[in-house]
**Student:** 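I'd like to ask some things about the structure below.
Any value given below was found using the heavy atoms of this structure, including those in side chains, with hydrogens, waters and symmetry copies removed.
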Amino acid sequence: MSAMVSAQSVGKSFGALQVLNGVSLEVARGQVACLIGPSGSGKSTFLRCVNHLERINSGRLYVDGELMGYREGGDRLYELSPKQAARQRRDIGMVFQHFNLFPHRTALENIIEAPVQVAGKPKAAAVEQARELLDQVGLADRADHYPAQLSGGQQQRVAIARALAMEPKLMLFDEPTSALDPELVGDVLAVMRRLADDGMTMLVVTHEMGFAREVADQLVFMDAGVVVESGDPREVLANPQHERTQVFLAKLL
């Protein structure tokens, strides 16, 4: 299996603060990798570096064999133009903690926005696809509802459908359930489970250990900007090898 995501010694700092410190990891095509760790460990920053929402300061990040955000010239890196970076980003769906839906557009209008405006898809085809995606996430009857008329869990499922509308080869989830009421979490995780079953490559920052254990192929524990431990989720959760992982999981499980 070839790698969909390949991070090679990725470093990222904000001024004097080193947030990522030589992060290396690979996610194979069709795999689900869950990133766990304490707040401030660099998980969300790493996710944003994968689709070049944040620039990296050192190392290399490849998605599907393509260097993200830069081109190589000799032994130097040159940053791509915003337009070129946006073109790369088209193939990567991202779902945030806070749903980031357009409040003045219905669920359906939110979903068709990028396919029509960015990808140039005919509106009728985009609408048909959007209705299929709403059906997939269990919201076929909510197409004409505005975000304010939807629960948090429903808004997050619309956000997932919106990301899928661009037919991405990789999905990034940044703590997609952490802003939700506990009884709404299950509906969102069920949608993500189905995506995993359908073979979508996913990189998920999460605190949902049950989801990680059941769905992920790889569990990555990060702390202080480094990968401390990674491996089979059941192995890592049942028998963490590193003391920092043991302390973190002891508080969670």
Side-chain angles (χ1 to χ4, degrees), residues 30-34 44 47-48 51 53 86 89-217:
Q31 279 198 335
V32 177
C34 282
S44 293
L47 220 58
R48 293 172 67 83
N51 65 356
L53 286 175
R89 217 175 277 129
R90 262 191 214 183
D91 292 330
I92 303 171
M94 185 150 185
V95 177
F96 299 88
Q97 187 174 350
H98 299 287
F99 331 115
N100 294 3
L101 297 176
F102 296 117
H104 57 292
R105 298 210 165 101
T106 63
L108 187 103
E109 288 166 347
N110 265 283
I111 294 168
I112 68 170
E113 174 79 9
V116 172
Q117 300 300 331
V118 178
K121 194 168 196 164
K123 189 173 177 185
V127 167
E128 185 181 347
Q129 180 200 33
R131 291 196 184 281
E132 284 170 15
L133 287 168
L134 282 167
D135 189 39
Q136 244 180 64
V137 298
L139 293 172
D141 58 341
R142 296 287 193 275
D144 299 324
H145 286 56
Y146 290 90
Q149 299 171 302
L150 301 171
S151 73
Q154 289 170 334
Q155 288 184 59
Q156 193 59 295
R157 284 184 281 155
V158 172
I160 293 172
R162 178 180 62 179
L164 292 173
M166 289 296 281
E167 298 172 23
K169 54 191 174 189
L170 170 67
M171 285 285 282
L172 308 176
F173 291 89
D174 190 7
E175 303 211 25
T177 59
S178 65
L180 302 179
D181 292 334
E183 68 268 22
L184 303 175
V185 167
D187 292 338
V188 173
L189 292 180
V191 170
M192 292 170 66
R193 265 193 196 92
R194 281 203 298 278
L195 281 180
D197 290 343
D198 290 342
M200 175 64 76
T201 311
M202 292 156 62
L203 197 49
V204 184
V205 173
T206 187
H207 291 297
E208 300 289 340
M209 296 302 142
F211 176 83
R213 186 187 290 109
E214 293 163 36
V215 180
D217 301 286

**Student:** Search all heavy atoms of Gln129 against all heavy atoms of Pro115 and return the closest pair with its distance.
**Tutor:**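 The pair with the smallest heavy-atom distance is OE1-CG, 4.3 Å.
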**Student:** Taking the side chain as C-beta and beyond, is there a heavy-atom pair between Leu170 and Asp91 under 4.5 Å?
**Tutor:**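 No, too far: nothing below the 4.5 Å cut-off.
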**Student:** Within a radius of less than 6.0 Å around CD of Glu128, do more than 12 heavy atoms belonging to other residues, nucleotides or ligands occur?
**Tutor:**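 Not buried by this count: 12 neighbours or fewer within 6.0 Å.
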**Student:** With a 4.5 Å heavy-atom cut-off, do Glu208 and Thr206 have their side chains touching?
**Tutor:**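 The answer is yes; the side chains approach within 4.5 Å.
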**Student:** Is it true that a side-chain atom of Arg48 and a backbone atom of Leu53 form a donor plus acceptor pair closer than 3.5 Å?
**Tutor:**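 Pair absent, no side-chain N/O of Arg48 close to backbone of Leu53.
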**Student:** Closest heavy-atom contact between Asp141 and His145?
**Tutor:**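 Distance-wise, the nearest heavy atoms are O-CE1, 3.8 Å.
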**Student:** Indicate yes or no: at least one non-hydrogen side-chain atom of Val158 is less than 4.5 angstrom from one of Gln155.
**Tutor:**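 With C-beta onward as the side chain, the pair stays apart.
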**Student:** Any side-chain heavy atom of Phe211 sitting closer than 4.5 Å to one from Val188?
**Tutor:**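 No, too far: nothing below the 4.5 Å cut-off.
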**Student:** Tell me whether Arg162 is salt-bridged to Glu113, with the criterion being a basic N under 4.0 Å from an acidic carboxylate O.
**Tutor:**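 Looking at Glu113 together with Arg162, the answer is no, because their closest N to O distance does not fall below 4.0 Å.
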**Student:** What distance do Met94 atom CE and Asn100 atom CG have between them, rounded to the nearest 0.5 Å?
**Tutor:**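 With rounding to 0.5 Å, CE (Met94) is 9.5 Å from CG (Asn100).
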**Student:** What is the distance from atom CG of Leu139 to atom CG of Leu108, rounded to the nearest 0.5 Å?
**Tutor:**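 Going from the CG atom of Leu139 to the CG atom of Leu108 covers 12.0 Å.
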**Student:** Are any of the side-chain heavy atoms of Arg194 and Gln136 separated by less than 4.5 Å?
**Tutor:**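 Answer no - side chains too far apart.
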**Student:** When rounded to the nearest 0.5 angstrom, what distance separates CG in Leu180 from CD in Gln97?
**Tutor:**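 It comes to 9.5 Å.
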**Student:** Evaluate side chain to side chain contact (heavy atoms under 4.5 Å, CB included) for Glu214 paired with Arg193, printing each intermediate quantity in order.
**Tutor:** CA-CA 9 Å; Glu214 293 163 36; Arg193 265 193 196 92; 2.9 Å; yes
**Student:** Do the side-chain N and O atoms of Thr106 and Asp144 include a donor-acceptor pair separated by under 3.5 angstrom?
**Tutor:**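 No, no side-chain donor-acceptor pair sits under 3.5 Å.
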**Student:** If you take all heavy atoms of Val95 and Ala159, which pair is closest and at what distance?
**Tutor:**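 Taking Val95 first and Ala159 second, the nearest heavy atoms are CG2-O, 4.1 Å.
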**Student:** Considering only heavy atoms from C-beta outward, does the side chain of Met171 approach that of Thr201 to under 4.5 Å?
**Tutor:**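 A side-chain contact under 4.5 Å is absent here.
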**Student:** My understanding is that only one of Leu150, Leu134, Asp187 makes a side-chain contact (heavy atoms from CB on, under 4.5 Å) with Arg157; could you say which?
**Tutor:**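 Only one of Leu150, Leu134, Asp187 forms a side-chain contact (heavy atoms from CB on, under 4.5 Å) with Arg157, namely Asp187.
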**Student:** With the side chain counted from C-beta on, respond yes when Thr177 and Leu189 share a heavy-atom pair under 4.5 Å apart, and no when they do not.
**Tutor:**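 Yes, their side chains come closer than 4.5 Å.
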**Student:** Only one of Val204, Asp217, Leu203, Val215 forms a side-chain contact (heavy atoms from CB on, under 4.5 Å) with Cys34, so which one is it?
**Tutor:**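 With Cys34 as partner, side-chain contact (heavy atoms from CB on, under 4.5 Å) holds for just one option, Val204.
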**Student:** Give the minimum heavy-atom separation between Gly153 and Leu184, together with the two atoms involved.
**Tutor:**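 Smallest heavy-atom distance, with atoms named: N-CD1, 3.7 Å.
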**Student:** Restricting to non-hydrogen atoms, name the atom on Leu133 and the atom on Ala161 that form the minimum distance, rounded to 0.1 Å.
**Tutor:**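 Where Leu133 meets Ala161 most closely, the heavy atoms are CD1-O, 3.5 Å.
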**Student:** Check whether Asn51 reaches the backbone of Ile92 with its side chain - one donor and one acceptor, N or O, closer than 3.5 Å.
**Tutor:**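 Answer holds: no.
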**Student:** Between CG of Asp174 and CG of Leu47, what distance do you get to the nearest 0.5 Å?
**Tutor:**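 Asp174 atom CG to Leu47 atom CG measures 5.5 Å (nearest 0.5 Å).
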**Student:** With a 4.0 Å cut-off, would you call Glu167 and Lys121 a salt bridge?
**Tutor:**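 Yes, this pair counts.
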**Student:** Hey, does Gln156 have a side-chain heavy atom less than 4.5 Å from the side chain of Phe173?
**Tutor:**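 Side chain of Phe173 against side chain of Gln156, heavy atoms only: no contact under 4.5 Å found.
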**Student:** What closest approach, in Å, do Tyr146 and Pro103 show between heavy atoms, and which atom pair accounts for it?
**Tutor:**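 Where Tyr146 meets Pro103 most closely, the heavy atoms are CD2-O, 3.7 Å.
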